[in-house]
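Data block below; observations after.
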Amino acid sequence: MDENTKNGLLLEIQDLTIQYVTDSGTVHAVENLNLRLGRGETLGFVGETGAGKTTTALGIMRLIPSPPGVIQSGKIIFEGQNLLDKSEPEMRGIRGGKIAMIFQDPMTSLNPVMTVDKQIAEMIKLHKNVNEAESLKLAGDMLELVGIQRERMHDYPHQFSGGMKQRVVIAIALACDPGLLIADEPTTALDVTIQAQVLELMKKLKQQFDASMILITHDLGIVADICDKVAIMYAGRVVEYADKCALYSNPVHPYTIGLFNSVPDLDEDKEVLNTIPGLMPDPMDLPSGCTFHPRCTYAVDRCSQTKPEMIHVGDGHLAACPVLAKARG
Amino acid sequence: MILYIVRRILFLIPVLIGVAFCVFTLLYLTPGDPARMVLGEMATESAIQEFRRKEGMDKPFLIQFGNYIYKAVTKGDIGSSYITKRPVMNEIMATFPSTLKLAAFAIVIAVIIGLPCGILSAIKQYSIFDTLTMIFAMIGLSMPVFWLGLLLILLFSVYLRWLPPSGFDTFKAMILPSLALSAQSISMITRMTRSSMLEVVRADYIRTARAKGQKESVIIWVHALHNALIPIVTLCGLQFGQLLAGAILTESIFAVPGVGRLMVESIKMRDYPVVQGGVLFVAVAFSLVNLLVDLLYAYIDPRIKAQYR
């Protein structure tokens, strides 16, 4: 066992760069991304659409559609081993078995022509040494675990509601007791009332299965509810990484501050909601230096010249903004 | 499901009456007197009148049509050939096996070649294999069957002397006509399979299957193909129906004694009952194939099955 694993570190991403190389240009989806996830931890991965959250998640699974996607550089160290050095058959053993993923849209992420028990059993048969009958029995157990009656195991996805489909997806993801669960906006496509139920279920099962979780979302409320650590992502980079409490009480990066400011306050009587001025930069043509500087109210001259490094601003709290980091002392 | 099938079969009745009416009208309006064609130029006027009376051709149009339908429904009698005097049903049944064999052979060849080519093209999109396949598919689509048939005869029968140029009695004789006939179907099935697969392999549930750690071959052949099948099966059904209906050119070139050739001969001879019966028969065959395709849908896609009430 190597040093990281002993420290309770499950996943460490170092300098990960992922690009989509197309005829009309190179999309810098993820750039020099660094991230750490401890055992049993839940990491909230927050950012706007197009910030590279899903690409990072697919990168960990080595499921970036290629072409056009290319993992240019970096390391993804999971349980002490670099996933980028693994062969495809080795990765197949890790996908589902050790790292499982829950996708955004439950309406489309289940195979419409296969009964749900078979879809769960497929996962079980791939990673556990069981026969067909046992795998189907285990599939029924998983369905009951996520709150679906066993009698419905032979139903097709179209016979379930959106929330129940997402429960099935969760059952598939957890079927082989993975060490890491990546949930890519698992509740975005669901009704608000169902969202809470599904989140509650995920929280409970994550503890029951003793798994770590990366929760991709753009909902800061969900992060506050579930996560231990938070990584804020902007234009392919992590701009701030901290403990949940530290981040919510003392956000450092201007983008994080902007995000918190744009959450509407119930007590405040406002005509116009707060926004961050400007738009996300074109990922084919990122601004020089700090990618956030054109929208940043704190920007100084050097922000457009040098790429900011992650700076320690507190205990385990890192932010990629030298200007504000200095101001905070 | 049973109820659905019964309803679909009952629905055939108005379709067939409609088809019969159209053909009847067309033949009624076609210039040329069958009596003269059958009895010859030297026939006397009274012989012609006698023929017309016997065949009911002296009656008004609607009565003629009514009689035809009445006899067909009550006695299953759709008339007799003017020329051979044998019942039309027998004439068709004598030729149908050849057509059925030809069509079945052609569609089997088309699926065996078209399906894998389409799948490979889709998973290796923009590769050399894909490009070549698409070029061949385009050629196959554009090549008229009579020309392709003649080329095949020239190559395999005249130069190489491997296969007989005509007839349909031995397996060897069946190869060339089936091949010529299937060229267009191969191309269409290849293209349809490719585009349908391309759509499906981008679907989220394919990504889910990959995220489970499933092997790529299982993902393609089990998850993707099953979902891509609906348009492919639809096309195969239409193609098979068309092959049954009119391999007229192919049958003529290779001298296959099928329904297509029977119809052409009958039209030339003004043998209206045979033409009429032939068209009706083809309509029935086409409708039944389509019914079969619709039933296949239910087995492929549970969402469609749920709608079959």
Open item on the list: To check you understand the geometry: which heavy-atom pair defines the closest contact between B:R303 and A:V113, and what is its length?
Closed with: NH2-CG1, 4.5 Å
Open item on the list: Which heavy atom of B:P302 sits nearest to which heavy atom of A:P112, and what is that distance?
Closed with: CG-O, 3.5 Å
- [ ] Find the distance between CE (A:M123) and OG1 (B:T208) and round it off to the nearest 0.5 Å.
- [x] 10.0 Å
Task: B:F129 atom CZ: more than 12 heavy-atom contacts under 6.0 Å - done: yes
Task: B:I206 versus chain A, the contacting section by heavy-atom distance below 4.5 Å - done: neither
Open item on the list: Taking CZ in B:R191 as the centre, count heavy atoms belonging to other residues, nucleotides or ligands within less than 6.0 Å. Is the count above 12?
Closed with: no
Open item on the list: Taking the side chain as everything from C-beta on, heavy atoms only, tell me whether A:M114 gets closer than 4.5 Å to B:V222.
Closed with: yes
Task: Segment of A:Q119 engaging chain B (4.5 angstrom heavy-atom cut-off) - done: both
Task: Per-residue contact mode, A:I172 against chain B (heavy atom under 4.5 angstrom) - done: side chain
- [ ] Using non-hydrogen atoms and a 4.5 Å limit, figure out which bit of B:A203 sits close to chain A: side chain, backbone, both or neither.
- [x] neither
Open item on the list: Atom CZ of residue position B:F136 - does it have more than 12 heavy atoms of other residues, nucleotides or ligands inside 6.0 Å?
Closed with: no
Task: Top contributor to chain B contacts, counting heavy-atom pairs under 4.5 Å, from A:E88, A:M107, A:H158 - done: A:H158
- [ ] Count the heavy-atom pairs under 4.5 Å between each of B:E216, B:R207, B:R210, B:H226 and chain A, then report the option with the highest count.
- [x] B:R207
Open item on the list: So for atom CD1, which belongs to B:I128, do other residues, nucleotides or ligands contribute more than 12 heavy atoms lying within a distance under 6.0 Å?
Closed with: no
Open item on the list: Is it the case that atom CE in B:M138 sees more than 12 heavy atoms from other parts of the structure closer than 6.0 Å?
Closed with: no
Open item on the list: If I take atom NZ from residue A:K125 and atom CD from residue B:Q214, how far apart are they, to the nearest 0.5 angstrom?
Closed with: 9.0 Å
Open item on the list: Are more than 12 heavy atoms, taken from residues, nucleotides or ligands other than B:K124, located less than 6.0 Å from that residue's NZ atom?
Closed with: no
Task: Least distance between heavy atoms, B:K212 atom then A:L126 atom - done: O-CD1, 3.7 Å
Open item on the list: Testing the basics here: between A:N111 and B:H223, what is the closest heavy-atom pair and its distance to 0.1 Å?
Closed with: ND2-ND1, 2.9 Å
Task: Neighbour count >12 (heavy atoms, 6.0 Å) for atom NZ, A:K118 - done: no
- [ ] Tell me, for A:L58 versus chain B, whether the close heavy atoms (under 4.5 Å) come from the side chain, the backbone, both or neither.
- [x] side chain
